[in-house]
Amino acid sequence: VMSYRGDNVNGYEPTDRDPDPNRLLLGYFHSCSTLNYLRSLLDSGFSDLHRARAWELDFVKDEDQRAHYESMAR
């Protein structure tokens, strides 16, 4: 049985241990996409820490956590 070399090279199951170069390309693509998305958020000012109070808080359901966040962002 060939050794497991990580998800970007081959699969964990013994039947899926053949190195697959397409896995490397797919992993590289997803890494680049994630970094480009984060860069776009930073460049647009969306995630600017100086404007933390302008961030939407729709994801915060608990009122205590929302109040805690708003007190920190002031």
Side-chain angles (χ1 to χ4, degrees):
V1 175
M2 295 181 68
S3 63
Y4 173 68
R5 295 186 176 146
D7 290 336
N8 278 339
V9 177
N10 58 7
Y12 183 72
E13 296 298 320
T15 58
D16 196 22
R17 297 275 174 99
D18 291 330
D20 183 4
N22 288 324
R23 284 177 169 258
L24 284 174
L25 293 174
L26 192 60
Y28 181 78
F29 168 77
H30 287 290
S31 297
C32 288
S33 297
T34 302
L35 286 174
N36 286 335
Y37 177 69
L38 293 174
R39 283 186 195 117
S40 71
L41 290 177
L42 291 171
D43 289 343
S44 69
F46 178 79
S47 57
D48 186 4
L49 291 177
H50 295 101
R51 296 183 20 193
R53 292 191 326 173
W55 294 353
E56 292 186 20
L57 297 176
D58 292 340
F59 65 95
V60 181
K61 304 293 183 205
D62 185 21
E63 290 298 323
D64 293 334
Q65 288 181 352
R66 181 183 295 248
H68 179 68
Y69 172 81
E70 287 176 345
S71 70
M72 287 189 326
R74 287 190 200 138

*Considering non-hydrogen atoms only, spot the tightest contact between Arg5 and Pro19 and give its length.*
NH1-CG, 3.9 Å
*Considering all heavy atoms, the nearest Arg17-Glu13 contact*: CG-O, 3.4 Å
_Just verifying a value: how many Å separate Leu26 CG and Asp7 CG, rounded to the nearest 0.5 Å?_
11.0 Å
_Once rounded to the nearest 0.5 Å, what's the spacing between atom CG of Asn22 and atom CG of Asn8?_
12.0 Å
*Keeping the roles fixed (side chain from Asn10, backbone from Ser3), state whether a donor-acceptor pair exists under 3.5 Å.*
yes
*Reported CG-to-NE2 distance for the pair Leu25 and His30, which is rounded to 0.5 angstrom*: 11.0 Å
_Tyr4, OH: over 12 other non-hydrogen atoms inside 6.0 angstrom_ = yes
